[in-house]
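As the structure is a prediction and not an experimental result, all values here were calculated from the model. Order of the sequence lines sets the chain letters (A, B, ...), proteins ahead of strands, with each chain counted from 1.
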Amino acid sequence: MDRTIIEDEPRVSRPTRETRGHELELEGLPPDVEKLDPAVEVKELSLWYGESQALFDVNMRIPERMVTAFIGPSGCGKSTLLRCLNRLNDLIPGVRISGTVRIQGEDIYGSGIDVIALRKRTGMVFQKSNPFPKSIYENVIYGLRIDGQNRRSVLDEAVERSLHAAGLWDEVKDRLKESAMNLSGGQQQRLCIARAIATEPEVLLMDEPCSALDPIATARIEALITELRETYTVVIVTHNMHQATRVSDYTAFFYLGNLIEFGPTKKIFQKPDKKQTEDYVTGRFG
Amino acid sequence: MAAHPRRKTPSLRVRRDAPVWVQAIRRGDPFVWLTGSALTASMLMIVGILLLIIVNGMGSMWPKELVRIETDEGTPFLGQIERRETIPGYVEEGGGGERFLMRIANRDLYGIDFRWFDESEVVAREKPEDALVAERLEWGPFNGFLVELRLPGETIAADGIWDRFQREIDAAHDRYGRIEEVEEEEVGRINEEIESARLAIREIELEGIADTPEGRRRIAALREEVDRWTAEYEQLRERLGELRRADEEYRVVLRSVRGEVRDYAISHIVRAYRPNEMGIPGKVGIYLSRLWEFVSQDPRESNTEGGIFPAIFGTVLMTLIMTIAVVPLGVLAALYLREYAKQGPIVSAVRIAVNNLAGVPSIVFGLFGLGFFAYLVGGAIDSTFYPERLPSPTFGGGGLLWASLTLALLTVPVVIVATEEALAAVPTGIREGSIACGASKFQTVTRIVLPSAAPGIMTGAILAMARGAGEVAPLMITGVVKLAPELPLDGTFPYLHLERKFMHLGFHIYDVGFQSPNVEAAKPMVYATTLLLILIVVLLNLTAIIVRNKLRDKYKTGAFG
Ligand SMILES: Nc1ncnc2c1ncn2[C@@H]1O[C@H](COP(=O)(O)OP(=O)(O)OP(=O)(O)O)[C@@H](O)[C@H]1O
Ligand SMILES: [Mg+2]
């Protein structure tokens with residue numbers, strides 16, 4: 001696959017988007033999120049685990065084909081919000097939700113929504129890599145197999161494309177039939193990314209994808225996210241401030257279930273509007 | 001900085017101020033000894049049982065030497081010494097001496113097989129080189145001496161008689177085997193034809209068309225068929241009679257140690273050997289041939305002689321059918337309990353009930369199996385599908401299928417519990433991974449959860465098999481018999497006869513050991529059968545364990561899984 005990226009180019013000011021941006025306070029800021037087409041639109045979203053409320057009236061527009069980072073202290077509801085976007089919270093008994101979440105304009109909690117179809121349009125990568133106890137090949141094409149796709153040529157093509165995209169192809173191309181359990185932790189995580197993008201979803205949700213990885217594997221995955229941005233809308237939860245600044249275009253800061261501030265990453269880290277945000281990103285939090 | 005007073009630190013050296021035993025208690029040594037001895041005691045008991053069974057089971061087939069003794073009354077005896085013991089009681093009352101048990105055999109002559117002799121009453125003993133043991137199809141072994149062979153047209157009494165005898169035994173077995181083959185196949189076929197014609201007539205009568213011209217015509221045709229087959233049967237019987245008479249012309253004359261002379265058809269001699277002049281290789285040969293007879297032949301002499309093949313066959317077949325029935329049932333039930341049912345007090349109650357089911361006495365399951373499966377379900381099957389055979393039951397009595405299903409019911413809690421545990425152990429991560437890929441619950445369960453739980457499910461199946469193969473009580477009333485005329489699997493359609501009664505090693509042990517008229521003769525059989533049952537259970541389990549480990553390798557969940 002042909003995926004050349006021009007590393008020197010400042011990522012925050014891609015020419016295609018630049019034309020839309022104005023009123024910039026900081027140099028090279030991307031446009032305000034309100035002015036971009038949203039891939040995901042969250043409106044007045046509140047969520048309860050049984051009696052305890054985990055999200056309070058969250059409103060945000062996650063822009064299309066950009067990387068959006070969720071940051072905030074542990075337990076502030078980042079994963080919870082992420083799991084609302086593909087309705088994974090449905091699996092947990094006692095969860096109650098109010099408000100709306102729209103993906104490409106469709107209310108995913110509305111009536112008559114096919115949850116399965118929704119999940120096929122939103123790939124997810126988990127904090128703990130979770131390859132299936134199957135071969136590498138079968139792991140990648142799992143999403144296609146459950147769709148009933150059995151054509152060899154289609155599957156082979158999907159495996160090669162996804163593994164290339166996940167930067168794993170060269171390492172595993174000779175052992176596709178081996179168990180995925182024999183891969184290293186970093187390779188397993190990249191395999192999970194390949195699995196998530198094999199069905200070509202519109203939105204890629206990543207929950208701390210690098211937290212169990214060493215710096216080299218982390219760097220590879222960050223490079224990968226940068227590449228994926230060309231095709232996908234990426235939402236990434238991270239505890240690593242440097243990672244947020246390195247990979248994301250926009251950043252949302254959460255605190256105790258509330259969305260405190262959401263804006264261009266550069267702004268959040270250099271000149272945030274809220275004192276809480278500033279304290280957190282500068283490490284004076286506590 | 002102000003100087004702090006130096007704190008006195010306790011020494012790290014072992015304190016030796018208390019007595020040694022107090023120190024030991026402090027360290028917890030007695031507890032270690034206690035746990036160790038408990039383990040040792042358990043191991044010793046298990047190893048003891050196994051050794052007892054192995055020694056007695058394996059040793060019983062070794063050919064023992066024949067001893068000729070003479071008692072002070074002047075009567076000679078010839079037999080194998082089975083065991084010796086000290087006579088219980090005071091010396092003044094005749095106790096304290098040694099006595100031994102001898103298998104004097106020749107039950108047709110003496111009426112008993114075994115006899116105790118006091119060491120003090122024996123005046124002479126020797127081991128005659130040419131003494132022989134001839135194992136017979138009836139009456140057990142004959143201990144004595146070879147006199148002559150009476151073959152058609154010749155009588156052999158001189159040199160080379162022993163070798164000729166051995167050859168004649170082999171030839172006679174071939175002859176006899178052919179006769180039996182004819183008997184089983186031809187006679188069996190004719191009987192079947194007659195029986196099916198008879199059932200067809202009965203069916204016509206049940207349909208109520210026997211008095212119509214059509215019915216009369218068909219019945220007449222069937223009657224004719226029966227007559228034809230009966231005539232053929234008569235012919236066959238005549239032919240068989242001839243063959244038998246020809247076979248009986250080959251005879252061997254034997255003499256007992258007291259001089260009684262008897263002649264037997266050679267084909268009725270299973271094997272003959274002279275243990276006193278035999279070397280180790282010869283004895284090994286006899287041992288192996290007896291072993292082979294034991295595992296491959298039908299029982300004889302009310303199960304105290306011959307083999308136990310039908311019981312092995314029945315045990316294995318029943319265990320397999322039980323496993324085939326219990327695993328799907330248990331796995332499906334566990335799947336519902338763990339994956340689909342809403343967890344709450346009702347599910348917990350069901351779970352407790354299932355666990356307690358494992359504690360219900362097995363005979364209760366047997367009664368249930370007899371009442372529900374055999375009488376209710378089987379009775380319904382009989383009146384629907386086999387009305388012409390009534391009142392003799394087909395499925396309406398105990399049989400292989402009902403016994404297997406009863407045991408499946410007995411062992412299903414084991415499978416449910418094991419499967420539930422295996423399902424619970426499947427990491428949430430990979431379940432969510434599958435769901436997030438857009439898989440439905442059903443796809444997640446069948447493609448991810450079940451394969452990952454397969455090793456655990458196999459463990460449950462192994463435990464169920466081990467439990468089921470050794471169970472006896474419920475089988476006694478749901479289809480096991482002491483002697484089954486036919487195997488449940490044979491060459492006649494539909495090959496697997498699930499309604500047939502069958503034999504089982506566990507019941508065989510009980511039957512031979514406690515219901516046999518000839519306890520001493522049956523003893524080796526009991527040990528050997530027990531050993532075999534243990535071996536079969538081990539073998540079945542080993543197979544299942546190998547399969548499980550294969551699965552485990554295939555679906556192992558890595559450190560990051
Ligand atoms: N399954 C659950 N049942 C009940 N409460 C839950 C559940 N999952 C999360 N919570 C609660 O919801 C709140 C938000 O949790 P969440 O996992 O979204 O935090 P997070 O921001 O992802 O934290 P971290 O950075 O540690 O992953 C926490 O207070 C947590 O205790
Ligand atoms: Mg989290």
Classify the ring geometry between B/Phe368 and B/Phe373 as parallel (under 30°), tilted (30 to 60°) or perpendicular (over 60°).
-> perpendicular

What part of A/Ile116 is in contact with chain B, defined as an atom under 4.5 angstrom from a non-hydrogen atom: side chain, backbone, both or neither?
-> both

Name the region of A/Ser135, side chain, backbone, both or neither, that has any atom closer than 4.5 Å to a heavy atom of chain B.
-> neither

Chain B heavy atoms under 4.5 Å from A/Arg83: which part of the residue, side chain, backbone, both or neither?
-> side chain

Under-4.0 Å salt bridge between A/Lys78 and A/Glu208 | no

Determine whether A/Leu176 and A/Leu163 make a side-chain contact, defined as any pair of heavy atoms from C-beta on separated by less than 4.5 Å.
-> yes

Where on B/Arg447 is there a heavy atom nearer than 4.5 Å to chain A: the side chain, the backbone, both, or neither?
-> both

Geometric class of the B/His504/B/Phe502 ring pair [parallel <30°, tilted 30-60°, perpendicular >60°] | perpendicular

